[in-house]
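Counting starts at 1 for both ligands and their atoms, following the listed order.
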Amino acid sequence: MITHAPKNIIHRPLHPASLQLATIMITVHHLNNSRSQRVLWLLEELEVPYEIKKYTRAPEGRAPPELLAIHPLGKSPIITDGETTVAESGAIVEYLIQKYGSEKSTVPSSGQLDNLYYNHYAEGSLQPVLTRCEIFSKIPPAMPFFLRPILRFVFNQVHKVLDGPELINHSKMIETHLENRTWFAGGDHPTSADYLMGFTLEHFLSVVPEYAGPRIVEYVKRIQERPAYKHALERGGEYAFLLKN
Ligand SMILES: N[C@@H](CCC(=O)N[C@@H](CS)C(=O)NCC(=O)O)C(=O)O
């Protein structure tokens, strides 16, 4: 959601050197262990200067109330760019690429539709299943011990009927798509679809690794090995979704 109309959107890429000299305009409101890591990775790849305002999750995992002062939903990521505030990671990724993108983020013409699809699929279709699986796995251990077996039984049944079969379809589709592609839009560099799919697949491997195929694992490795990704990690701090060797 863009809460103020973006002003002076620049469609022509700025040279990284001139950006280094410019005053830092972009602030990323970054929550530890969260999908705002997407935004840091993108800004590092684009070589756009930015600053980070860090927020720490409360013990139950929620974002702290200070984020509500930046955007009415109080979730991360949110960016401010001068007078402009943008929330929702898909909107942020599109906004930043539209304003600061260069040939490094251009979508090949043959991959336009894939890019569009995976931009929306990440948060729209796959993420809700992963979030549900994560929540269901966290509820039983947080309940009184005598309720745990019953809750585990109920959630396992729900998983068997609902999420399990869906995850198999998601995994098959992604594995097939990545069969002959390095990046989701098919070119030789990440595009907006990758900045969005990256976190979602990291989350996939963290929550339901048993459903992931080898190409999903390779893809996440490929992302995490990029220098810009590593730099984003150094700047962002605590991140729970790194692949374990
Ligand atoms: N669809 C939104 C989801 C935002 C979201 O749920 N962010 C999480 C971090 S990964 C959050 O702020 N969680 C803390 C909370 O909901 O209190 C986006 O892509 O930006």
Side-chain angles (χ1 to χ4, degrees), residues 1-4 6 26-46 50 52-81 84-99 105 115-139 142 163 166 170 174 184 190-209 220 223-224 229 232-233 235-243:
M1 176 188 170
I2 298 177
T3 54
H4 303 280
I26 299 174
T27 301
V28 181
H29 297 269
H30 175 72
L31 186 65
N32 60 324
N33 296 326
S34 81
R35 36 165 89 59
S36 63
Q37 199 66 36
R38 283 174 171 149
V39 177
L40 305 186
W41 175 37
L42 170 61
L43 287 165
E44 290 293 336
E45 292 278 359
L46 295 179
Y50 64 97
I52 302 179
K53 188 157 190 303
K54 291 187 180 175
Y55 300 80
T56 305
R57 289 179 189 268
E60 78 284 1
R62 301 313 304 264
E66 297 85 78
L67 268 174
L68 285 166
I70 318 293
H71 182 272
L73 298 187
K75 289 180 185 286
S76 175
I78 309 169
I79 63 158
T80 49
D81 183 13
T84 301
T85 302
V86 190
E88 193 63 49
S89 53
I92 295 171
V93 166
E94 288 196 36
Y95 169 88
L96 289 174
I97 290 180
Q98 194 181 2
K99 186 165 176 182
S105 49
N115 195 63
L116 179 66
Y117 176 74
Y118 283 102
N119 275 350
H120 291 272
Y121 163 81
E123 284 291 319
S125 287
L126 181 53
Q127 193 60 57
V129 185
L130 301 176
T131 303
R132 193 164 52 230
C133 290
E134 187 180 13
I135 291 172
F136 282 1
S137 74
K138 283 184 173 167
I139 292 176
D163 292 330
E166 282 203 21
H170 284 287
I174 297 167
F184 274 92
T191 63
S192 54
D194 298 289
Y195 296 108
L196 289 154
M197 285 300 290
F199 170 79
T200 303
L201 293 182
E202 287 176 333
H203 195 220
F204 194 125
L205 292 179
S206 156
V207 178
V208 282
V220 170
I223 285 177
Q224 294 187 349
Y229 182 99
L233 264 184
R235 290 198 62 186
E238 191 188 1
Y239 190 58
F241 303 101
L242 287 181
L243 275 183

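Panel note: side chain Ser125, backbone Tyr121; no donor-acceptor pair is recorded below 3.5 Å.
Polar contact check, Ala63 against ligand 1: a nitrogen or oxygen pair lies under 3.5 Å apart. For ligand 1, the polar-atom distance check finds no N/O of Asn33 at less than 3.5 Å from any of the ligand's N/O atoms. Considering backbone and side-chain atoms together, Ser89 places an N or O closer than 3.5 Å to an N or O of ligand 1.
Heavy-atom proximity to Pro77, at under 4.0 Å, picks out these atoms of ligand 1: 20 (O). Close contacts of ligand 1 with Ser34, meaning ligand atoms under 4.0 Å from a residue heavy atom, involve 9 (C), 10 (S).
Of all the heavy atoms of Arg57, the ones lying under 4.0 Å from any atom of ligand 1 belong exclusively to the side chain. Residue contacts with ligand 1 for Glu123 involve side-chain atoms from C-beta outward but no N, CA, C or O (heavy atoms, distance under 4.0 Å). Under 4.0 Å from ligand 1, the heavy atoms of Leu31 that appear belong solely to its side chain.
Side-chain contact between Arg235 and His30 is absent, with no heavy atoms from C-beta onward closer than 4.5 Å. Between Met197 and Ile174 the shortest side-chain heavy-atom distance falls below 4.5 Å.
Regarding atom 16 (O) of ligand 1, its nearest protein heavy-atom neighbour is Lys75 NZ, 2.5 Å. Of the protein's heavy atoms, Arg62 NE, 3.4 Å lies nearest to atom 15 (C) of ligand 1. In terms of protein heavy-atom proximity, atom 10 (S) of ligand 1 is nearest to Arg35 NH1, 2.8 Å. Closest to atom 12 (O) of ligand 1, if we only count protein heavy atoms, is Ser76 N, 3.0 Å. Among all non-hydrogen protein atoms, the one lying nearest atom 1 (N) of ligand 1 is Glu88 OE2, 2.6 Å.
Scanning all heavy atoms of the two residues, the minimum distance from Asn33 to Ala240 falls at OD1-N, 2.7 Å.
Among the candidates Asp194, Leu96, Val28, the single residue satisfying the side chain to side chain contact (heavy atoms under 4.5 Å, CB included) test with Leu42 is Leu96. Between Ile78 and the options Leu73, Leu67, Leu31, a side chain to side chain contact (heavy atoms under 4.5 Å, CB included) holds for only Leu67.
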| request: Run the numbers on Ser89 and Arg38 for side-chain hydrogen bond (donor to acceptor under 3.5 Å, both in side chains), then give the verdict. | output: CA-CA 8 Å; Ser89 53; Arg38 283 174 171 149; 2.6 Å; yes
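A side-chain N or O of Glu44 and one of Tyr50 form a donor-acceptor pair less than 3.5 Å apart. A donor-acceptor pair shorter than 3.5 Å cannot be found between the side chains of Gln37 and Trp41.
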